[in-house]
Amino acid sequence: MNLTYERNGDYRIPNLIPSEQEETMLTKYGVLRKNYLKNHRRGIYTGLLLSGELLTHCLEIQEQAEERFEVLTQKLSKNQTVTEKLKQNDPLQWTKEMNRIYQQVEEIVLKELVYQ
(Lines give C-alpha, C1' and ligand atoms only; values in the text may rest on other atoms or scores of the structure.)
Protein backbone atom coordinates (compact mmCIF):
# COMPACT_ATOMS: atom_id res chain seq x y z
CA MET A 1 0.00 0.00 0.00
CA ASN A 2 1.46 3.33 -1.07
CA LEU A 3 0.66 6.28 1.12
CA THR A 4 0.93 9.86 0.04
CA TYR A 5 1.27 12.73 2.47
CA GLU A 6 0.13 16.32 2.56
CA ARG A 7 2.07 19.01 4.35
CA ASN A 8 0.02 20.95 6.89
CA GLY A 9 2.25 23.46 8.63
CA ASP A 10 5.08 21.50 10.26
CA TYR A 11 3.23 18.20 9.99
CA ARG A 12 2.85 15.66 7.24
CA ILE A 13 -0.65 14.13 7.22
CA PRO A 14 -1.38 10.94 5.25
CA ASN A 15 -4.01 11.10 2.53
CA LEU A 16 -6.44 8.41 3.59
CA ILE A 17 -8.95 8.52 0.79
CA PRO A 18 -10.86 5.25 0.48
CA SER A 19 -10.68 3.56 -2.89
CA GLU A 20 -13.74 3.39 -5.08
CA GLN A 21 -15.80 0.40 -4.02
CA GLU A 22 -18.93 -1.12 -5.38
CA GLU A 23 -22.22 0.26 -4.14
CA THR A 24 -23.36 -2.81 -2.25
CA MET A 25 -25.30 -2.39 0.92
CA LEU A 26 -24.58 -4.41 4.00
CA THR A 27 -27.49 -6.37 5.39
CA LYS A 28 -28.00 -7.77 8.86
CA TYR A 29 -25.00 -10.10 9.07
CA GLY A 30 -22.61 -7.67 7.39
CA VAL A 31 -23.55 -4.87 9.78
CA LEU A 32 -23.32 -7.20 12.78
CA ARG A 33 -19.82 -8.32 11.70
CA LYS A 34 -18.69 -4.71 11.19
CA ASN A 35 -19.98 -3.66 14.61
CA TYR A 36 -18.43 -6.72 16.27
CA LEU A 37 -15.03 -5.94 14.78
CA LYS A 38 -15.35 -2.27 15.70
CA ASN A 39 -16.28 -2.98 19.33
CA HIS A 40 -14.37 -6.19 20.14
CA ARG A 41 -11.57 -6.66 17.59
CA ARG A 42 -10.30 -3.12 17.23
CA GLY A 43 -6.95 -4.04 15.64
CA ILE A 44 -8.52 -6.15 12.90
CA TYR A 45 -11.15 -3.48 12.28
CA THR A 46 -8.54 -0.73 11.95
CA GLY A 47 -6.33 -2.84 9.69
CA LEU A 48 -9.22 -3.68 7.37
CA LEU A 49 -10.41 -0.08 7.37
CA LEU A 50 -6.99 1.36 6.51
CA SER A 51 -6.35 -1.21 3.78
CA GLY A 52 -9.78 -0.57 2.26
CA GLU A 53 -10.87 -4.18 2.74
CA LEU A 54 -13.50 -3.68 5.46
CA LEU A 55 -16.50 -3.58 3.12
CA THR A 56 -15.22 -6.56 1.13
CA HIS A 57 -14.68 -8.57 4.31
CA CYS A 58 -18.14 -7.73 5.68
CA LEU A 59 -19.79 -8.58 2.35
CA GLU A 60 -17.97 -11.92 2.28
CA ILE A 61 -19.10 -12.79 5.82
CA GLN A 62 -22.62 -11.62 4.95
CA GLU A 63 -22.80 -13.90 1.90
CA GLN A 64 -21.45 -16.90 3.81
CA ALA A 65 -23.87 -16.32 6.69
CA GLU A 66 -26.89 -16.07 4.39
CA GLU A 67 -25.93 -19.25 2.55
CA ARG A 68 -25.31 -21.09 5.81
CA PHE A 69 -28.68 -19.88 7.16
CA GLU A 70 -30.51 -21.30 4.13
CA VAL A 71 -28.73 -24.65 4.21
CA LEU A 72 -29.20 -25.16 7.94
CA THR A 73 -32.85 -24.13 7.80
CA GLN A 74 -33.54 -26.68 5.08
CA LYS A 75 -31.67 -29.45 6.89
CA LEU A 76 -33.33 -28.84 10.25
CA SER A 77 -36.82 -28.54 8.81
CA LYS A 78 -36.29 -31.79 6.91
CA ASN A 79 -34.87 -33.60 9.96
CA GLN A 80 -37.66 -32.40 12.22
CA THR A 81 -40.40 -33.17 9.66
CA VAL A 82 -41.65 -29.64 9.32
CA THR A 83 -43.32 -30.09 5.93
CA GLU A 84 -45.87 -28.44 3.68
CA LYS A 85 -48.37 -31.02 4.87
CA LEU A 86 -47.97 -29.76 8.44
CA LYS A 87 -48.29 -26.21 7.14
CA GLN A 88 -51.65 -27.06 5.53
CA ASN A 89 -53.00 -29.12 8.42
CA ASP A 90 -51.81 -27.06 11.39
CA PRO A 91 -50.45 -23.63 10.39
CA LEU A 92 -49.89 -22.47 13.96
CA GLN A 93 -47.79 -25.53 14.83
CA TRP A 94 -45.83 -25.10 11.60
CA THR A 95 -45.14 -21.44 12.46
CA LYS A 96 -44.06 -22.39 15.96
CA GLU A 97 -41.67 -25.07 14.67
CA MET A 98 -40.23 -22.83 11.95
CA ASN A 99 -39.64 -19.99 14.42
CA ARG A 100 -37.79 -22.40 16.68
CA ILE A 101 -35.69 -23.58 13.74
CA TYR A 102 -34.93 -19.98 12.69
CA GLN A 103 -33.78 -19.15 16.21
CA GLN A 104 -31.50 -22.19 16.35
CA VAL A 105 -30.01 -21.46 12.93
CA GLU A 106 -29.55 -17.78 13.79
CA GLU A 107 -27.58 -18.68 16.91
CA ILE A 108 -25.38 -21.11 14.97
CA VAL A 109 -24.66 -18.63 12.16
CA LEU A 110 -23.84 -15.81 14.56
CA LYS A 111 -21.50 -17.97 16.61
CA GLU A 112 -19.73 -19.65 13.66
CA LEU A 113 -19.34 -16.73 11.27
CA VAL A 114 -20.18 -13.32 12.67
CA TYR A 115 -18.78 -13.40 16.21
CA GLN A 116 -15.55 -15.29 15.70
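Positions are given from 1, in the same order as the sequence printed here.
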If we only count heavy atoms from C-beta on, is the [X] to [Y] side-chain gap below 4.5 Å?
{"X": "Tyr115", "Y": "Leu32", "result": "yes"}
{"X": "Arg33", "Y": "Gln116", "result": "yes"}
{"X": "Gln64", "Y": "Val109", "result": "no"}
{"X": "Leu26", "Y": "Leu55", "result": "yes"}

Look only at the side chain of [X] and the backbone of [Y], and say whether a donor-acceptor pair between them is shorter than 3.5 Å.
{"X": "Asp90", "Y": "Leu86", "result": "no"}
{"X": "Ser51", "Y": "Leu48", "result": "yes"}
{"X": "Arg12", "Y": "Arg7", "result": "no"}

Tell me, please, which residues at least two apart from [X] pass side chain to side chain donor-acceptor pair (under 3.5 Å).
{"X": "Thr27", "result": "Gln62, Glu66"}
{"X": "Gln80", "result": "Arg100"}
{"X": "Glu112", "result": "Arg68"}
{"X": "Thr4", "result": "Asn15"}

Inset, instruction - List for me each residue that meets side chain to side chain contact (heavy atoms under 4.5 Å, CB included) alongside Asn79, sequence neighbours excluded, and say none if there are none. - result: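 Checked Asn79 against side chain to side chain contact (heavy atoms under 4.5 Å, CB included); zero matches.
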Legend entry - Set of side chain to side chain contact (heavy atoms under 4.5 Å, CB included) partners for Lys75, sequence neighbours left out: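 Only Val71 meet the side chain to side chain contact (heavy atoms under 4.5 Å, CB included) criterion with Lys75.
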Say you draw a straight line from [atom1] of [X] to [atom2] of [Y]; how long is it, rounded to the nearest 0.5 Å?
{"X": "Ser77", "Y": "Lys87", "atom1": "OG", "atom2": "NZ", "result": "11.5 Å"}
{"X": "Trp94", "Y": "Ile101", "atom1": "CH2", "atom2": "CD1", "result": "9.5 Å"}
{"X": "Leu72", "Y": "Tyr102", "atom1": "CG", "atom2": "OH", "result": "12.5 Å"}
{"X": "Ile108", "Y": "Gln103", "atom1": "CD1", "atom2": "CD", "result": "12.0 Å"}
{"X": "Leu37", "Y": "Leu49", "atom1": "CG", "atom2": "CG", "result": "10.5 Å"}
{"X": "Tyr36", "Y": "Leu113", "atom1": "OH", "atom2": "CG", "result": "12.5 Å"}

Inset, instruction - Classify the side-chain pair Gln93/Glu97 by whether it contains a donor and acceptor separated by less than 3.5 Å. - result: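 Side-chain D/A pair, Gln93 to Glu97: present.
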Inset, instruction - Decide whether Glu106 and Tyr29 meet the rule of one side-chain donor and one side-chain acceptor closer than 3.5 Å. - result: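 Yes, Tyr29 and Glu106 have a side-chain donor paired with an acceptor closer than 3.5 Å.
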Legend entry - Leu50 reachable from Tyr5 in the ILVMFWY side-chain graph, under 4.5 Å edges: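 Yes, Tyr5 connects to Leu50 through the hydrophobic network.
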Inset, instruction - Only one of Arg42, Arg41, His40 passes side chain to side chain contact (heavy atoms under 4.5 Å, CB included) with Ile44; say which it is. - result: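 Looking at Arg42, Arg41, His40, the match for Ile44 under the side chain to side chain contact (heavy atoms under 4.5 Å, CB included) is Arg41.
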